[in-house]
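What you see is a predicted model; the values in this text were computed from it and never measured.
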Amino acid sequence: MENISDAGRILRDIRGRIDRAAQAAGRSGGEVALMAVTKTVPAERVNQFIDSGVSLIGENRVQEFLDKYDSYHKEGLKIAFIGHLQRNKVKYIADKVDRIESVDSLALAEEISRRCAAIGRRMDILLEVNIGGEASKSGFAKEELEGVLPQIAALPGVRIAGLMAIPPAAEGEGAAPYFREMEKLFIDIKHKKLDNVFMETLSLGMSGDFETAVSCGSTQVRLGSILFGERKSQV
């Protein structure tokens with residue numbers, strides 16, 4: 001997988017799978033955004049996919065992102081930060097990303113608000129939900145959201161654009177109950193019509209379970225290894 005034609009073929013195959021999963025669930029594949037997750041992938045390889053039609057990439061690590069940022073073909077490109085984000089790193093990406101999708105605490109939302117308001121921009125954010133209640137994962141407990149949503153929505157410099165979650169590891173359809181629970185949460189919040197809360201994006205599903213996620217209402221899938229191959233380990 002070393003050239004643009006290969007990137008285009010891979011994308012067509014994956015988009016076809018997304019379309020079929022959506023159609024089987026009575027949806028349109030056009031409702032589902034494909035995000036290319038670029039952790040450990042060289043910028044030149046990412047650019048092959050961008051040149052083949054990828055318009056949304058997801059970055060996990062601040063330093064790696066900064067190292068690659070200037071090399072990306074950025075015309076028409078949207079960049080989301082999707083990894084765990086320390087508050088002291090927000091200042092490095094606030095002017096470079098279009099969205100932060102891993103907001104897992106009120107304190108992080110406050111820092112994003114502070115940094116973005118200072119440079120006169122409004123950052124789209126997704127709230128990360130720890131839908132499996134796993135101690136090893138960050139994110140808001142489902143029960144916390146009702147109380148924290150108005151607090152984050154009231155902050156200047158941010159716009160709540162949706163929710164994201166990574167369910168507990170499961171085989172086959174095992175993630176489906178968690179995805180359905182997230183879809184219900186997403187719809188319930190949308191129906192409340194809260195100020196500055198726009199449930200536009202429900203980000204669920206990765207390389208191993210994206211078709212299941214699409215069947216359960218995901219509007220954005222985050223794909224890495226299925227596009228780029230298995231990641232090279234980093235020390």
Using modelled atom types and a 3.5 Å cut-off, is there a donor and acceptor pairing between side-chain atoms of Q151 and backbone atoms of G147? yes
Return yes if some donor-acceptor pair links the side-chain N/O of S215 with the main-chain N/O of A21 below 3.5 Å, else return no. no
If you look at every heavy atom in L204 and V221, which pair is closest and at what distance? O-CG1, 3.5 Å
Hey, are the side chains of K68 and T38 touching, using non-hydrogen atoms and a 4.5 Å cut-off? yes
Q48 backbone acceptor or donor facing S52 side chain under 3.5 Å: yes
Test side chain to side chain contact (heavy atoms under 4.5 Å, CB included) applied to Y178 and M182, step by step: CA-CA 6 Å; Y178 298 104; M182 282 297 302; 5.8 Å; no
Scanning both residues in full, the closest heavy-atom pair of N130 with S138 reads CB-O, 3.7 Å
I160-L155 co-clustered via ILVMFWY side chain contacts under 4.5 Å: yes
Pairs where residues 17-35 contributes a residue and the test salt bridge (charged side-chain N to carboxylate O under 4.0 Å, His left out) is met, not counting sequence neighbours: R17-E211, R27-E31
Quick one: pull up CG in L185 and CD in E146 and give me the separation to the nearest 0.5 Å. 10.5 Å
Single-linkage hydrophobic cluster I50~I82, side-chain heavy atoms < 4.5 angstrom: no
Other residues, nucleotides, ligands: >12 heavy atoms within 6.0 Å of K78 NZ: no
Are F179 and S218 close enough that some pair of their side-chain heavy atoms sits under 4.5 Å apart? no
Does F49 belong to the same Ile/Leu/Val/Met/Phe/Trp/Tyr cluster as I79, with side-chain heavy atoms less than 4.5 Å apart forming each link? yes
Show the nearest heavy-atom pair for residues T40 and E64, with the distance to one decimal. N-OE2, 2.7 Å
Heavy-atom pair of closest approach, residues N47 and S71: ND2-O, 2.9 Å
Audit row: V97, E59, side chain to side chain contact (heavy atoms under 4.5 Å, CB included) steps and yes/no: CA-CA 9 Å; V97 300; E59 293 284 337; over 6 Å; no
Result of checking K184, K192, H191 against D188 for side chain to side chain donor-acceptor pair (under 3.5 Å): K184
Test log, rule side chain to side chain contact (heavy atoms under 4.5 Å, CB included), inputs V62 and L85: CA-CA 8 Å; V62 171; L85 182 59; 3.8 Å; yes
With side chains defined as the heavy atoms from C-beta onward, is the minimum distance between L227 and L11 less than 4.5 Å? yes
Which atom names give the shortest non-hydrogen contact between M164 and L126, and what distance separates them? CB-CD1, 4.1 Å
So, taking the atom named SG in C116 and the one named CZ in R121, what distance separates them when rounded to the nearest 0.5 Å? 5.5 Å
Would you say V103 and M123 make side-chain contact, with heavy atoms under 4.5 Å? no
Would you check, one step at a time, whether the test side chain to side chain contact (heavy atoms under 4.5 Å, CB included) holds for I100 with I93? CA-CA 9 Å; I100 297 174; I93 67 169; 4.2 Å; yes
Taking side chain as C-beta onward, heavy atoms only, is V90 less than 4.5 Å from L108? yes
Which heavy atom in S203 sits nearest to a heavy atom in E101, and how many Å separate them? OG-OE1, 3.8 Å
So does N88 have more than 12 non-hydrogen atoms from other groups sitting under 6.0 Å from CG? yes
Is there a path of hydrophobic side-chain contacts, each under 4.5 Å between heavy atoms of I, L, V, M, F, W or Y residues, that connects V32 with L56? no
Between NZ on residue K91 and CZ on residue R114, distance to nearest 0.5 Å: 9.0 Å
Check for a donor-acceptor pair, side chain of Q23 on one end and backbone N or O of G29 on the other, with a separation under 3.5 Å. no
So, do D124 and T201 sit near enough that their side-chain heavy atoms are less than 4.5 Å apart? no
Please determine which of Q220, R159, K190 meets the side chain to side chain donor-acceptor pair (under 3.5 Å) test together with E200. R159
Linked, directly or transitively: L34 and V46 (ILVMFWY side chains, under 4.5 Å): yes
If the test is side chain to side chain contact (heavy atoms under 4.5 Å, CB included), which one of I189, D104, L163, V197 qualifies with L127? L163
Would you call I166 and R222 a side-chain contact if the rule is heavy atoms closer than 4.5 Å? yes
Sequence neighbours left out, what pairs pass ring-ring contact (aromatic ring centres under 6.0 Å, His included) with at least one residue falling in residues 64-83? F65-Y69
Any donor-acceptor pair under 3.5 Å from K142 side chain to G133 backbone: no
Residues clustering with F198 (ILVMFWY side chains joined when closer than 4.5 Å, directly or via others): none
Decide yes or no for L223 and V37: does some side-chain heavy atom of the first lie under 4.5 Å from some side-chain heavy atom of the second? no
Nearest 0.5 Å please: distance from the NZ atom of K39 over to the CZ atom of F228. 13.0 Å
Is it true that R115 and E111 make a salt bridge, defined as a side-chain N closer than 4.0 Å to a carboxylate O? yes
